[in-house]
Amino acid sequence: MIQLTRLNGKTFSLNALYIESVESFPDTTITLTNSRKYIVVESEEVVVSKIAKFYQSIQVLSNPHIRGDDDEKQ
C-alpha cells in the first residue's frame with residue numbers, strides 16, 4: 001500500500017498492485033485496472049517513486065521473469 005493525498009487534503013492508502021497508469025493533466029491522475037481514477041496532490045514523479053519503493057518492499061521485482069531477465073543463472 002502507498003500513502004497518497006486527495007485534493008481535499010485527506011490521506012488514503014492505495015494498493016499499488018492495481019495501478020494501471022499515472023498521468024499529469026496537470027493534476028496527478030492515477031487510473032486503476034478497474035478504470036477507477038484518483039486525483040492526488042503528489043506529483044507523478046513522487047507517485048512513481050512510491051510505487052517503486054512498494055514493489056521493492058514486497059520483492060515483486062525479485063522474480064527474474066518479471067524483471068525481464070531471460071537467462072537466469074542457476
Quick one: list whatever passes side chain to side chain contact (heavy atoms under 4.5 Å, CB included) with E20, sequence neighbours left out. T33
Can you list the residues that meet the side chain to side chain contact (heavy atoms under 4.5 Å, CB included) rule with K10, with sequence neighbours excluded? N8
Validation: residues 43-52 side-chain donor-acceptor distances under 3.5 Å, sequence neighbours left out:
unit_1, atom_1, unit_2, atom_2, d
S43, OG, E45, OE1, 3.4
S43, OG, V46, N, 3.2
E44, OE1, S24, OG, 2.9
K50, NZ, Q3, O, 2.7

When Ile, Leu, Val, Met, Phe, Trp and Tyr are grouped by side-chain heavy atoms lying under 4.5 Å apart, directly or through other members, which residues fall in the same group as F25? none
Could you identify which residues cluster with L7, counting Ile, Leu, Val, Met, Phe, Trp and Tyr as linked when any side-chain heavy atoms lie under 4.5 Å apart, either directly or through a chain of such contacts? I39, V41
In Å, rounded to the nearest 0.5 Å, how long is the span from OH of Y38 to CG of L14? 6.0 Å
To the nearest 0.5 angstrom, please state how far the CG atom of L4 sits from the CD1 atom of I30. 4.5 Å
Tell me every residue that passes ring-ring contact (aromatic ring centres under 6.0 Å, His included) with Y18, counting only those two or more places apart in sequence or in another chain. none
List in chain and number order the residues that pass ring-ring contact (aromatic ring centres under 6.0 Å, His included) with F54, two or more places apart in sequence or in another chain; answer none if no residue qualifies. none
Show your working on side chain to side chain contact (heavy atoms under 4.5 Å, CB included) between T29 and K37 and close with a plain yes or no. CA-CA 7 Å; T29 303; K37 294 183 185 287; 4.3 Å; yes
Is I58 reachable from I2 through a run of I, L, V, M, F, W or Y residues, each pair having side-chain heavy atoms under 4.5 Å apart? yes
